[in-house]
Amino acid sequence: MAKTPKRVAVTGAAGQIGYSLLFRIANGDMLGKDQPVILQLLEIDNEKAQKALKGVMMELEDCAFPLLAGMTAHSDPMTAFKDADVALLVGARPRGPGMERKDLLEANAQIFTVQGKALDAVASRDVKVLVVGNPANTNAHIAMKSAPNLPAKNFTAMLRLDHNRALSQVAAKTGTAVGDIEKMVVWGNHSPTMYADYRFATVNGKSVKDLINDQEWNANTFLPTVGKRGAAIIDARGASSAASAANAAIDHVRDWVLGTNGKWTTMGVPSDGSYGIPEGIVFGFPVTTENGEYKIVQGLEIDAFSQERINLTLNELNEERAGVAHLLGQ
Ligand SMILES: NC(=O)c1ccc[n+]([C@@H]2O[C@H](COP(=O)([O-])OP(=O)(O)OC[C@H]3O[C@@H](n4cnc5c(N)ncnc54)[C@H](O)[C@@H]3O)[C@@H](O)[C@H]2O)c1
Ligand SMILES: O=C(O)C[C@H](O)C(=O)O
């Protein structure tokens with residue numbers, strides 16, 4: 001018997017990530033090749049954006065995806081998130097000319113407060129939320145705080161693009177295949193301060209750290225390359241990464257829902273106090289997933305270099321949180 005369709009809400013659906021993401025969701029790449037989906041698409045209440053969204057929906061129709069059981073267009077999160085099983089919060093306010101980081105944080109805080117409240121009011125109680133829109137960790141924190149009736153663990157932020165970028169850099173350096181690398185970790189914020197950590201990684205069972213054996217490369221090439229990859233893509237393409245971001249969102253939700261079979265991945269999740277990260281901070285951690293739940297990998301040794309890097313990215317997140325605290329009544 002065919003499965004009951006899952007409702008997938010996507011915000012910023014007419015944007016460039018949306019254009020790469022929706023077709024893959026409808027093709028079953030995210031929730032499985034036997035799982036029908038209903039897409040509930042949110043765009044801003046603006047004629048041009050809504051018209052563009054209609055155009056994307058026409059194209060989705062024209063693909064005749066067997067798993068696409070329905071789709072609706074929305075300008076109100078209260079209808080877009082109704083009964084949503086998965087919510088991909090992609091739409092965000094981009095940084096405009098002359099806008100300070102603080103202004104960007106505040107503009108997005110408002111969006112994610114409204115969307116958190118709407119999720120709280122109308123989404124499935126088991127909704128799995130992935131925040132992609134930047135600043136992703138802090139936006140996820142705001143949405144989580146605005147949804148007190150939903151479990152905090154349902155709110156996550158996307159670090160998977162950083163994780164995938166780290167895998168590719170390590171594969172290139174060691175001359176190995178990406179698919180053979182396990183136990184990569186990216187700690188912290190989705191920003192240049194994130195700490196991609198291959199100390200525990202293995203390739204075909206061998207230690208990646210031993211294979212590379214070059215701390216100078218780690219500190220001065222690998223970390224800046226992964227940390228500044230988003231900016232390098234904007235510089236090269238004239239637009240921010242879209243297909244790779246959509247791919248990472250698919251990877252994140254697929255692994256969360258369908259499980260990693262004991263393998264590690266990276267998710268931005270509200271801290272439970274692990275590794276000294278204050279509770280509630282949405283932080284990139286190594287996780288395993290099973291039966292739709294993630295668990296933070298415990299017991300990893302944090303050496304002095306790693307602690308310094310973790311502190312740096314944590315300080316940034318603390319500052320971001322302090323910058324929006326007044327909007328959350330904290
Ligand atoms: N976490 C990551 O790894 C990662 C990677 C790449 C991009 N991003 C971020 O993802 C976001 C989207 O990127 P994009 O390239 O698709 O941008 P885009 O500008 O092409 O599209 C964003 C869309 O969101 C819509 N939008 C804005 N506010 C909205 C709201 N309140 N409700 C619904 N829709 C809204 C806009 O109308 C626009 O169509 C950006 O914030 C970008 O920085 C994150
Ligand atoms: O949109 C950006 O600023 C970059 C993006 O977050 C990325 O990592 O590619």
List the residues meeting side chain to side chain donor-acceptor pair (under 3.5 Å) with [X], not counting sequence neighbours, and say none if there are none.
X	result
Asp120	Asn149
Ser306	Tyr195, Arg199, Asp303
Asn311	Gln307

CA sep, side-chain torsions, deciding dist, call: His141, Leu317, side chain to side chain contact (heavy atoms under 4.5 Å, CB included): CA-CA 10 Å; His141 174 80; Leu317 280 169; over 6 Å; no
Candidate list Leu130, Thr265, Val132, test side chain to side chain contact (heavy atoms under 4.5 Å, CB included), partner Arg160, passing option: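 Considering Leu130, Thr265, Val132, a side chain to side chain contact (heavy atoms under 4.5 Å, CB included) with Arg160 is found only for Thr265.
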Taking all atoms of both residues into account, what is the closest heavy-atom pair of [X] and [Y], and its distance?
X	Y	answer
Glu43	Gln50	O-NE2, 3.2 Å
Thr11	Gly91	OG1-N, 2.9 Å
Asn134	Asn108	O-ND2, 3.3 Å
Ala136	Ala157	O-CB, 3.7 Å
Gly133	Ala92	CA-CB, 3.8 Å
Leu41	Leu22	CD2-CD2, 3.6 Å

[X]: partners by side-chain contact (heavy atoms from CB on, under 4.5 Å), with sequence neighbours left out:
X	result
Lys153	Pro151, Glu293, Tyr294
Pro5	Pro36, Ile38, Ala69
Gln110	Leu327

Check the surroundings of atom [atom1] in [X]: do more than 12 heavy atoms from other residues, nucleotides or ligands lie under 6.0 Å from it?
X	atom1	result
Arg93	CZ	no
Arg165	CZ	yes
Glu47	CD	no
Lys173	NZ	yes
Lys33	NZ	yes

Ile111 side chain reached by Ile142 side chain, heavy atoms, under 4.5 Å: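 They are not in side-chain contact.
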Any pair counted as ring-ring contact (aromatic ring centres under 6.0 Å, His included), so long as it reaches [range], sequence neighbours left out:
range	result
residues 74-104	none
residues 198-229	Tyr198-Phe222, Trp217-Phe222
residues 16-73	Tyr19-Phe23

Donor + acceptor pair across side chains of Gln16, Ser240 (<3.5 Å):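 Ser240 and Gln16 do have a side-chain donor-acceptor pair below 3.5 Å.
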Main-chain N/O of Asp210 paired with Ser207 side-chain donor or acceptor, under 3.5 Å: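 Yes, because the side chain of Ser207 sits within donor-acceptor range (under 3.5 Å) of the backbone of Asp210.
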Main-chain N/O of Leu161 paired with Asp251 side-chain donor or acceptor, under 3.5 Å: no
Step-by-step side chain to side chain contact (heavy atoms under 4.5 Å, CB included) determination, Asn164 to Asn247: CA-CA 10 Å; Asn164 289 347; Asn247 178 67; 4.1 Å; yes
Counterpart residues, ring-ring contact (aromatic ring centres under 6.0 Å, His included), relative to His190 (two or more places apart):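 Per chain and number, His190 pairs via ring-ring contact (aromatic ring centres under 6.0 Å, His included) with no residue.
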Shared hydrophobic cluster for Val131 and Ile250 (ILVMFWY, side-chain gaps under 4.5 Å): no
Single-linkage hydrophobic cluster, 4.5 Å side-chain cutoff, Val253 and Leu21 together: yes
Using residues 178-189 as the side-chain source, report each donor-acceptor pair under 3.5 Å to any protein atom, sequence neighbours left out, with the distance given to one decimal.
{"from": "Trp187", "atom 1": "NE1", "to": "Asp197", "atom 2": "OD2", "distance (Å)": "3.0"}
{"from": "Asn189", "atom 1": "ND2", "to": "Glu316", "atom 2": "OE1", "distance (Å)": "2.9"}
{"from": "Asn189", "atom 1": "ND2", "to": "Glu320", "atom 2": "OE2", "distance (Å)": "3.1"}

Between side-chain atoms of residues 281-289 and protein atoms elsewhere (two or more places apart, or another chain), which donor-acceptor pairs fall under 3.5 Å?
{"from": "Thr289", "atom 1": "OG1", "to": "Asp255", "atom 2": "O", "distance (Å)": "2.6"}
{"from": "Thr289", "atom 1": "OG1", "to": "Thr260", "atom 2": "N", "distance (Å)": "3.1"}

Residue pair Met30, Arg24: steps toward the side chain to side chain contact (heavy atoms under 4.5 Å, CB included) verdict: CA-CA 7 Å; Met30 186 171 84; Arg24 293 195 52 197; over 6 Å; no
